[in-house]
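Notes for the one structure printed next.
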Amino acid sequence: MPVDVEKNSAEKNFSLAPSIDWKAIKIPAEAICDEVRLGDLILCGYRVPQECRKLSVRQTIWADTYWTVDKKIERDFQIQFVAVPERECRMKEFSQTFSRDDDDLLCRTSNWVSGAVYKIRFALEMPPLEEIANADLHLELRVIAEGKFQGVYRDPKKIEMNFSHTPQYRLDFPPSIYQNHFGSYWTAQQIEDITGGKWIVPPPENFFVRSFCRLIKKIAAAPKPVMYIATTYPQLAFHDIYFKQKINQKKKSIDSHSKVHEFADKISGVIVSHPIENLPPDFPQLLVEDSVRATFELTFAARKRFQGKVIAVTGSNGKTTTVAMLENILSKDRNIVATHNNSNVSARLTHAFMNYSNDKAYAVLEICSMALETEWGSITYGLMPHVAVITSITDAHLLEHGTMEGVARAKCNIFCGMAPGGFAVLNRDMPYFELIEKKATEHLLNVITFGTHPDAMIRMEKIQDGETFTCMGKSYVMNCSVPPEQIYDALAAVGVCVALAMPVEIALERLKAFKVVKGRGEIYDVTYKGKKIKLINGSYNATFLSIKTGFEYLNSIEKNPAARVAVLGDIAHLGDSAEKIHRQLAELIFKYNPDRVILCGKYMKILWQDIKDKCQCHWFESGQKLIPELNNLLNDGDCVFVKGSIPAKLSLVVDEILNGKKK
């Protein structure tokens, strides 16, 4: 990089030595800034042109920087010019580094002359278009020596991003959204203000709705009056990773605008991205540029006026159970809403939250990784939790994230959007805890930990119902009739209660009445084709760890080895690790030694081939294929442990057994 020495008079002048040719230098007036010392270097001028301040097309971001030193320095520094997205999203920070080649002696900072001013121009190349998101950029200059930061200068002005190919949602709304009655009452003016839409068929005077719905099957259960949001699936795919994957697999496009005629009598109006013809002439239609964006912005506006506490729960497993436990605890004497039936992707979360009444005391939300990693960024930027829970980090979702560390980093996005002083409730025993804790503290959150680790704030040495645990220096007894792995979820729920300043005694008393969520370890005593069977239903989902704890639970409740039967289905979302992890299940089978092992699924066939000669083991393509042979594989008095991910279809096996009479 050349030294820029401009003679003539200047807006800001510096004496130069020792060269007689360096008498003065002019820094353009628009580049002059207050001097900032970054290590041994002094930044004395900085300019980013206006054409780089608002971007809607991919281009180079450049800046002129002016530097000086006030003493001879002995070492060389690197100077990085970095663009940092204002929120974590698919666009990562990108930078250019000013480095000094050994043969470029003039530019090496160790050769800079005291009092001289050096101009360095940086040119940042933006990422490929598919990696760009509408997250405004903060520009930083970082001075580095020997791998350590010596100082950072952050440009007080942002680079505004407005790219048409990627979502951009508003998080600030006009005051009109707060002018309402208690309950989810949305007036025509509020809906227009939030979405930026235009009523092409105006609603009647005093029009309002209590709920919005973009899923046809949800209309019947939505609070009335309800307004429908018409969308197209390619549009959903564009905004939501979940739908993107789903539609890419099915390769079909559905425009729900064309279906509104079928249920127009059940709704009070419709939000559209193009007009719908042949509806009644007075049927209200609000035209918006993007109906999916309108959905998210209605959700975020609902969050702005929500007066209660928002609790967000994520993790590799245990999310649904933790949410159910919290609902059981908090709803006893307070007005609470919670997600149900694994409604944890962005589309379902928006549908849930924009219909919450704003006078509720709590909103408890289950959030999956995909909702934490949308193209726009984590949905929690708009949902702004007061308390965030990470229940666990396991081998689940390796397909999406590649490694366990990748899973952990994805889960950290739940902290996005949280205000300083909020609470992070973390499993102290989970892998990459230190990484997650560090991220929580970077967000200035209070950290509450639970688990068996000696440093856990809520500590239970043996994870089992009836055992003692300590919390805030006091001892308590856990009394919650759930499988051992779900005791972790109960401890997480206690941690949330601590964050909410609720007495632990009250939480524990209410956990006594908790019932296991369907498909996650509930126990049935049934008669199946004349045989008395004890069934442990874990058919909803599976990880290597949950299968291990399931075996431990099976052995704890059934002491007769000849009666223990394990029905295992494929573990989903393992990516390239699928074959390896399924083969590792052999260690569990030999350790816990069930009398019979029944395996279902593509990857379980690999395990079956490894162990079929060493134990009594059977394999079927799926749970559906197992059913015709099930009666022949079960004996009177068996205790049957069923565990697998949804694609293995073991829920069909459970349904088959439950057709017997429950006791």
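Here the structure is a predicted model, which means the values were calculated and not measured.
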Within the structure provided, determine whether [X] and [Y] are in side-chain contact (heavy-atom separation under 4.5 Å).
X    : Y    : value
M161 : M91  : yes
F300 : I379 : yes
R53  : K157 : yes
K119 : T65  : no
R142 : V82  : yes

Legend entry - Pair T543, N317: side-chain N/O donor-acceptor within cut-off below 3.5 Å: no

Inset, instruction - Go through the side-chain N and O atoms of E373 and S378 and say whether any donor and acceptor fall under 3.5 Å apart. - result: no

Legend entry - Lys/Arg N to Asp/Glu carboxylate O, E130 vs R58, below 4.0 Å: no

Inset, instruction - Would you check if the distance from the ring center of Y66 to the ring center of Y46 is below 6.0 Å? - result: no

Legend entry - Distance flag, aromatic centroids of W376 and Y169, threshold under 6.0 Å: yes

Legend entry - Heavy-atom neighbours of D172 CG exceed 12 at 6.0 Å: no

Legend entry - Passing candidate, side chain to side chain donor-acceptor pair (under 3.5 Å) with Y488, options T322, D429, T391: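 Of the listed residues T322, D429, T391, the side chain to side chain donor-acceptor pair (under 3.5 Å) partner of Y488 is D429.
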
